[in-house]
Amino acid sequence: MNEKWAELESKYFFPVGKRLPVTLVRGEGSRVWDEEGREYLDCVAGIAAVSLGHCHPLVVKAIQEQAPSLMQVSNYYYSVPQIKLAQLLCEHTGLDKVFFCNSGGEAVEGCIKVARKWGKEKRDGAYEIIVAEKAFHGRTLATVTATANERYRAPFTPLVEGFVRVPFNDVEAIKRATTAKTVAVLLEVIQGEGGVNIPDDDYFPQVRAWCDEAGILLMVDEVQTGMGRTGALFAHQLYGIEVDVMAVAKGLGGGFPIGAFLAKDHCAALALGEHGTTFGGNPLATTVGYTVLKYMIDNDLPAQVAKKGEHVERRLRSLADRHPMVTEVRGKGLLWAMELDREVGEEAVRLCLEEALLANNVKPTALRLMPPLTITEEELDRVVEIVDRVLGRIEAGQPK
Ligand SMILES: Cc1ncc(COP(=O)(O)O)c(C=O)c1O
């Protein structure tokens, strides 16, 4: 059956993505099924989006109840679900103003616009944004410019002006790059697509202090790390700091598309007519977003994630002890990568699939695991057993 879909895919689609030979048709919790009825444990979770697990009953119910009433009205009118979600998000982020959109890329794009507008108003037209090596911020023209990967950027030159790149986890580099033209620093708290790169504990407090000293904004892209993924509702909270601007998406929708950017009052610079969206914040998406966020808060899901994170960390580290090809285990909460001493990421993902596990080769040399936040410790143990077998198979079959 996959051959038929592959043929149609190559006929009708831009060939921008590489698909694995499996067609998924159903999901429940941390498991998905293909069209032949084969079950898989899912440690990709729609790229860290399916936060409450596939088809969580509350998410399904929210959609079923909202869809027959109202799905889309435009932002010409008030919408109750949107207001409820805005209030809940602001209360739990320490930020004051929100704008809803449909994806992570749009959310980061919005942050960039906030910074530019604020720079015009408050910093003599400063517009440069300091971004990090290995960063990923999206595929729109501005966010792809902010993204580090040359392969994603090169085909689309000329790119958007005004981004300066520095090494991640190096506050002195940010200081050196700051000029009169600088308006903001934009960082992922943990770099997801760059390979699950964790900063030193004092990096964000130092960046915060520098932004305050220099009078520039600290903007975080929590599209991947937000919504409980790292064991705090938002990853920057792990480092005890507040931020000026933040992008969220992915986990906020529990599988349904929604994004948002938020800002503190002092820099919420967008005024009437300066930004807009047709679908962003529609009643269906915000009903789902509200349901997901409320569930996370009411059940203290971030604390559960932190506990499961400690469990899986122990298991992954013991795996690393037994497999010399694992050179590093990095992560927090339920976002993990295993660095391998050779370029077998693709092979590892293929073997995981054979062993009924969805995993991701975030780099040619790294395997990433980002299951639904509702995954059980028993399921995590099964994940680790599968990875154990896969690493064993690679070691047996492919000498370094
Ligand atoms: C940190 C980060 N920012 C932005 C994005 C872009 O989000 P989207 O694909 O929803 O546009 C991603 C997607 O993986 C991401 O990980």
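Remember, it's 1-based here, ligands and their atoms both numbered in the order they're listed.
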Inset, instruction - Examine H56 together with Y295 and report whether their ring centres are nearer than 6.0 Å. - result: yes
Inset, instruction - Please work out whether any backbone atom (N, CA, C, O) or any side-chain heavy atom from C-beta onward of H137 is under 4.0 Å from ligand 1, and answer side chain, backbone, both or neither. - result: backbone
Legend entry - Cation-pi, Y290 ring and K84 (6.0 angstrom, 45 degrees): yes
Identity and separation of the nearest protein heavy atom to [atom]:
atom                    : answer
atom 16 (O) of ligand 1 : Q224 NE2, 2.9 Å
atom 10 (O) of ligand 1 : G104 N, 2.8 Å
atom 15 (C) of ligand 1 : F136 CD2, 3.7 Å
atom 3 (N) of ligand 1  : D221 OD2, 2.7 Å
atom 14 (O) of ligand 1 : K250 NZ, 2.9 Å
atom 11 (O) of ligand 1 : G105 N, 2.7 Å

Inset, instruction - Determine whether any heavy atom of R139 lies closer than 4.0 Å to an atom of ligand 1. - result: no
Inset, instruction - Say whether H323 and D388, considering side chains only, have a donor N or O and an acceptor N or O under 3.5 Å apart. - result: yes
Inset, instruction - Verify the distance criterion only: is there a donor paired with an acceptor across the side chains of N361 and E347 at less than 3.5 Å? - result: no
Inset, instruction - Check which hydrophobic residues are tied to V223 through side-chain heavy-atom contacts below 4.5 Å, counting indirect links as well, and list them. - result: F99, V108, I112, V114, W118, I129, V131, F136, L141, V144, Y152, F156, L159, V160, F163, V183, L186, L217, M219, V245, F261, L270
Inset, instruction - Count the heavy atoms of every other residue, nucleotide or ligand shown that sit under 6.0 Å from CD of E7, and state whether that count exceeds 12. - result: no
Inset, instruction - Would you confirm whether any non-hydrogen atom of the protein falls under 4.0 Å from atom 8 (P) of ligand 1? - result: yes
